Protein chains: 2
Amino acid sequence: MQTLRRPKVRDQVAGQIQKYIVDQKLGPGDRLPTETQLAETFGISRLSLREATKSLEFIGIVESKTGVGLTVGRIDMERLTEHLAFHAGLLEADPQQLIDSRVILETGALPHVARRMKDDSAIDTRLRELVDQFRSARDLKTWIELDIQFHRSLLDASGLQPLVAFGDLLHIFFQRFRESVNKAGWKAGVESHQLIVDELVKGRVAAATAELRKHIESHKERI
Amino acid sequence: MQTLRRPKVRDQVAGQIQKYIVDQKLGPGDRLPTETQLAETFGISRLSLREATKSLEFIGIVESKTGVGLTVGRIDMERLTEHLAFHAGLLEADPQQLIDSRVILETGALPHVARRMKDDSAIDTRLRELVDQFRSARDLKTWIELDIQFHRSLLDASGLQPLVAFGDLLHIFFQRFRESVNKAGWKAGVESHQLIVDELVKGRVAAATAELRKHIESHKERI
DNA sequence: TATGTCTGATTGTCAGATAATCTAGTCAGG
DNA sequence: CCTGACTAGATTATCTGACAATCAGACATA
């Protein structure tokens, strides 16, 4: 049976604060009302309000400084990843689904990347740079780091910000598979990345897509 | 210059709680000590401890139930996406980008939908039901409601939960365009949905994809 | 102008209390 | 022996009120 719970005050409040930020069209750094004012506005105690703001602060939606007040913050994915990666075991997501989703996301981005590459040579440069760094990577840790960067840059190159945001999120859940990469898979990964970039530059999107799909789906063997 | 701040109590405590979970090798559902006990252990007031646990609860690392206590939680993507709607890129999302992202997302899901349709006739039924309700929709409000449901069901039918979560997020930002749909666009939308389902049932994924793309991109005319 | 100081505003932390809710055990009735 | 209602204790949820720590800006002083 689904547990019926009374909606918790702080969650509602957290939602309302987010809504407030959007409605008022506030951006990073902008001031929010003081805790006391907010508490009065929502008709709750300052303490309950605090639990809401502290939660939001935890993931970076707001920042609070003593003696200053609350400001809208910048979400930084690294911070979040740090906390979440710590708890790889708690992440509940079907690996298979994660992989399929990534394939859809990244292969879907490729046509956009190819199109933009024609006008902006910086994209090409950036991707090649990363591939080169790959080759000189000596340990698994930096390899993983670069792999994330490569795929992020790929999505970024599509010019579609929403995809980048979603990609970041998927990566958090993906982390644990990455750690199971062995030397052979590593080597294959380098070649794969190189190939993808080469095909893209030539404008052969279909070939790049096929390679990218194969590359991502290679994770399936390790689950 | 980097601001020097006194490390905040609750962040330290949040870290310690996480450490505790890992050290004790706790998994989802396992009990944690009570708030009072934890507060004593860390030598802080129960209130400060609460701010830490609430933060962790916010992203799903722990759960707390009244009358029961704290348990280790499961982290699910839906919850996170909800809050990360604030991710910088999305806040200032360009309508064009939103549309392109949706196209990638939904057309990418179609092959999965088609495959699953073969084994599960309920999917077919569900989608047809929605199309039928479309025809009998009389005002714009219910039409929009049904449109959202249709596209959500489509993603849901792919069996890929991450896509559903992301789709929901995109819809939030999409809302404003929806309201600008006129009678003609409405009529065309009904036919379009019908066609997509028909093609899918016949297993003609490419045709369905083309139609879906056209359908979503029709929004471009209205921005 | 430059520098040190004061002050009001705001968040950080605490203690103590009451309400709401859940778990586990108790006990009556069959 | 079993089942269901009920009670008691434990635990979190929320509130009130208070004081400490910190900061930005005004103000006075040289």
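Within every chain, numbering begins at 1; the chains are lettered A, B, ... in the order of the sequence lines, protein sequences first and strands thereafter. It should be emphasised that the depicted structure is a prediction, and the values quoted were computed from it without experimental measurement.
Nucleotide D/dT12 holds its P atom 14 Å from the CG atom of B/Leu47, rounded to whole Å. In this structure, the CD atom of B/Glu40 is 12 Å from the P atom of D/dT11, given to the nearest Å. B/Ile44 places its CD1 atom 11 Å from the C1' atom of C/dC14, with the value rounded to the nearest Å. When rounded to the nearest whole Å, the span between CD of B/Glu51 and P of D/dA13 equals 14 Å. Distance, A/Leu49 CG to D/dC15 C1': 13 Å, rounded to whole Å.
Residues that satisfy the salt bridge (charged side-chain N to carboxylate O under 4.0 Å, His left out) test with B/Arg46, not counting sequence neighbours, are B/Glu35. Judged as a salt bridge (charged side-chain N to carboxylate O under 4.0 Å, His left out), and not counting sequence neighbours, A/Arg116 has no contacts. Listed by chain and number, the residues in a salt bridge (charged side-chain N to carboxylate O under 4.0 Å, His left out) with B/Asp124 are B/Arg128 (sequence neighbours excluded).
Sequence neighbours left out, the pairs with a member in residues 94-135 of chain B that pass ring-ring contact (aromatic ring centres under 6.0 Å, His included) are B/Phe134-B/Trp143, B/Phe134-B/His193. The ring-ring contact (aromatic ring centres under 6.0 Å, His included) contacts involving residues 14-53 of chain A comprise nothing, where partners must be two or more places apart or lie in separate chains.
In this pair, A/Phe174 and A/His219 present their aromatic rings perpendicular. The plane angle is above 60°, beyond the 30 to 60° band.
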Between the protein and nucleotides 3-10 of chain C, which nitrogen or oxygen pairs come in under 3.5 angstrom?
from, atom 1, to, atom 2, distance (Å)
C/dT10, O2, A/Gly67, N, 3.3

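Distances shown here put every side-chain N or O of B/Ser48 at or beyond 4.0 Å from the OP1 or OP2 atom of C/dG12. For A/Ser64 and C/dG12, the shortest distance from a side-chain N or O to OP1 or OP2 is below 4.0 Å. Using a 4.0 Å cut-off, some side-chain N or O of B/Arg50 falls inside it from OP1 or OP2 of D/dA13. OP1 or OP2 of D/dT11 has not a single side-chain nitrogen or oxygen of B/Thr36 nearer than 4.0 Å.
Looking at A/Asp139 and A/Thr142, their side chains do bring a donor and an acceptor atom within 3.5 Å of each other.
Residue B/Ser45 has its side chain nearest to C/dC14 when only D/dC15, C/dC14, D/dA13 are considered.
Between the side chain of A/Arg46 and the base of D/dG17, no donor-acceptor pair under 3.5 Å is found.
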